[in-house]
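Report on one structure; see the data block that follows.
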Amino acid sequence: MDIEQVETTESEGYHIKIEVFEGPMDLLIFLIRKKKIDITDIPIAAITHEYLIYLGRKEQINLDREAEFLLMAALLISIKSQLLLPRPEPLGDEEDPRRPLVDRLLEYQRMKTASSRLREREEEQLQMWQRSVPPQSEAGDEPGLIEVSLFELAESFFLLLKRRETDHFRSLKGQEVSLEEKMREIIRELEERQFLDFLDYLGRQETLEEALIAFFCLLELIKSRVVIAVQEQLFHTIKVWLRRSRPAPPSHGQPA
Amino acid sequence: MDSQLKDILEALIFISVEPLTLDRIKEVLADTPEEELRRALDELAQEYGRPGRGMRLQSAAGGYLFSTKSECDPWVRRLLQIERKSRLSRAAVETLAVIAYHQPATQAEIQAIRGVDSSYTVHTLLEKKLVKISGRKKAPGSPLLYKTTDRFLTYFGLNDLSELPSVEEVAKMLEEEEQHAEK
Amino acid sequence: MDSQLKDILEALIFISVEPLTLDRIKEVLADTPEEELRRALDELAQEYGRPGRGMRLQSAAGGYLFSTKSECDPWVRRLLQIERKSRLSRAAVETLAVIAYHQPATQAEIQAIRGVDSSYTVHTLLEKKLVKISGRKKAPGSPLLYKTTDRFLTYFGLNDLSELPSVEEVAKMLEEEEQHAEK
């Protein structure tokens, strides 16, 4: 019944079929089903034993997820040891150390079933085609208009910063105010005043060019971990602090 | 007059790439009573449901859109020279199911259910616009919350989230699956 | 068989981005004699020519394509206009991003980050009421300061600005993507 868990590895002329468990939950559920175990009453010792065998063999383990498989092994072992503790009276249902794991397994199973339904719907939908481009119309349309998600908004800001950062170091070589001078100036200011307000500091620059240089110096100093930028209140102000232990400021090999 | 209304609706749905919602239609045809609109839409859907049409009027994400009939799939693929439309990865569908049933959900919640780190999968789902960020959870670290989008509904041909099998239905399916497996 | 052929042709013309030429159709439906194809296309054109349709089958640029009937133009134009209002250009998204993360911001600051003059884009954002003027900066020339509006929050489904994903969060997601790509 674990057809879903079968991944087919195809190589040139022949087929090899191996079951690969994508994550620890997959493997656990496979073992429980294979042994026809009641999920609410898992014999932890036996399951742990089996689980470790699979883990040791590695063939059926998604190796990208090895750490998570190990984490589950640790959890199983800790549950096992809790069950072994001598107790004056038997545990109630609520105190059963297996309980949280059982709840997780049940929920995971439900989600797997739900996802197989989604998969069926996907199959149906994939046979129906929708246009991705609006038809030509005389009423015309502005090109390049998009519906934006919050993620895109954040991403575009991030990419903007990155782009500026790389552009800058290419275009500003040989400027009057050198980057290193500016960096030294920033560090000097930081040593005196403890912290700088990122935007405020940029605003204090004489020219746009200088503001740009200051901006990229700060980015560079942050990147090379000389200073640290902290947002105390999200997006209201960014404060820059000098790190206590810091490497030497980066050098760009231009005359100071 | 009624037939002209149907014409207009057909034209409007035709030029839309995303499902055209009733709200949008009402904005465009502000003078027409909603009831009349609904009636015309129903008629249109019926017409497209008849045999001898290559398209159908789909109702998805609370809107209407045309799509080709599944019977025409082989020829459409030949025309577009596409072997097969690519499916989502297993991890992606699983993560979508978790978000759909637990929304709004944080990365940590998704990870707790799936047992594996899901940040990469969530990111690809964001890029495919199948999920979106819907805010932050009031919890330590204020983690981002994720929700499914209208595109998610359209992708799976759902009108709204209530068309997903309920948790009880899923539990029942699961039981059936297990009984099946025991045989 | 003939009616099925018409279905397929309808689907193919619908899904085709450019006018669909007879040559292309012949490639896709290689087993069908040209004469039969022509007959089916004629029939399809006739059907679309009847009253009670919002689209017509046009033969343009040596190929077939559907277009909306001119009678529906006013409504089509209205829909496109409404939709245009809810969409943003790439430049607008970028500018909006800068203002959102750096508010209040001046034109000069926006320009410094974007690397291009952004006054026109800021103007369109003002028109769309996604940003507003919040005062003047205490700096030479007292430049105007721009802030995002409540409408901005609604557009992105946020309760307040603190729900914006942080630059670090985005960076982390993108880094993860890169690491994945390297594999």
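A quick note: this is a predicted structure, and the numbers were derived from the prediction, not measured. Quick note on labels: first sequence line is chain A, next is B, and so on, each numbered from 1.
No part of B:L44 comes within reach of chain C, as not one of its non-hydrogen atoms sits under 4.5 angstrom from that chain. Residue B:T124 does not touch chain C at all, counting heavy-atom pairs closer than 4.5 Å. Proximity to chain B (any heavy atom under 4.5 Å) is restricted, for C:L20, to the side chain, taken from C-beta onward.
One distance of note links CZ of B:R78 with CZ of C:R24; it measures 10.5 Å at 0.5 Å rounding. Rounding to the nearest 0.5 Å places CH2 of C:W75 at 13.0 Å from CD1 of B:I15. Remark: C:E71 CD to B:Q4 CD distance equals 8.0 Å, nearest 0.5 Å. Atoms CD and SG, from C:E10 and B:C72 in turn, are 8.5 Å apart once rounded to the nearest 0.5 Å. Separating the CG atom in C:L12 from the CG atom in B:L80 is a distance of 8.5 Å, to the nearest 0.5 Å. Rounding to the nearest 0.5 angstrom, the gap separating the OG1 atom in B:T68 from the CG atom in C:D7 is 11.0 Å.
In terms of heavy-atom pairs under 4.5 Å with chain B, the best-connected choice from C:L79, C:D160, C:N159 is C:L79. Taking B:V28, B:V76, B:L144 one by one and counting their heavy-atom pairs under 4.5 Å with chain C, the maximum is reached by B:V28.
Residues B:I133 and C:P165 come closest through the heavy atom pair CD1-CG, 3.7 Å.
Residue-environment remark: NZ (C:K128) exceeds the threshold of 12 foreign heavy atoms within 6.0 Å. Counting heavy atoms of neighbouring residues, nucleotides and ligands inside a 6.0 Å radius, atom NZ of C:K129 does not exceed 12 of them. Few gaps surround NZ on C:K69; more than 12 heavy atoms of other groups in view lie less than 6.0 Å from it.
A salt bridge links C:E169 and B:R136; the closest N-O separation between the charged side-chain nitrogens and carboxylate oxygens is under 4.0 Å.
Using cut-offs of 30° and 60° for the angle between ring planes, the C:F14 and B:F14 rings count as tilted.
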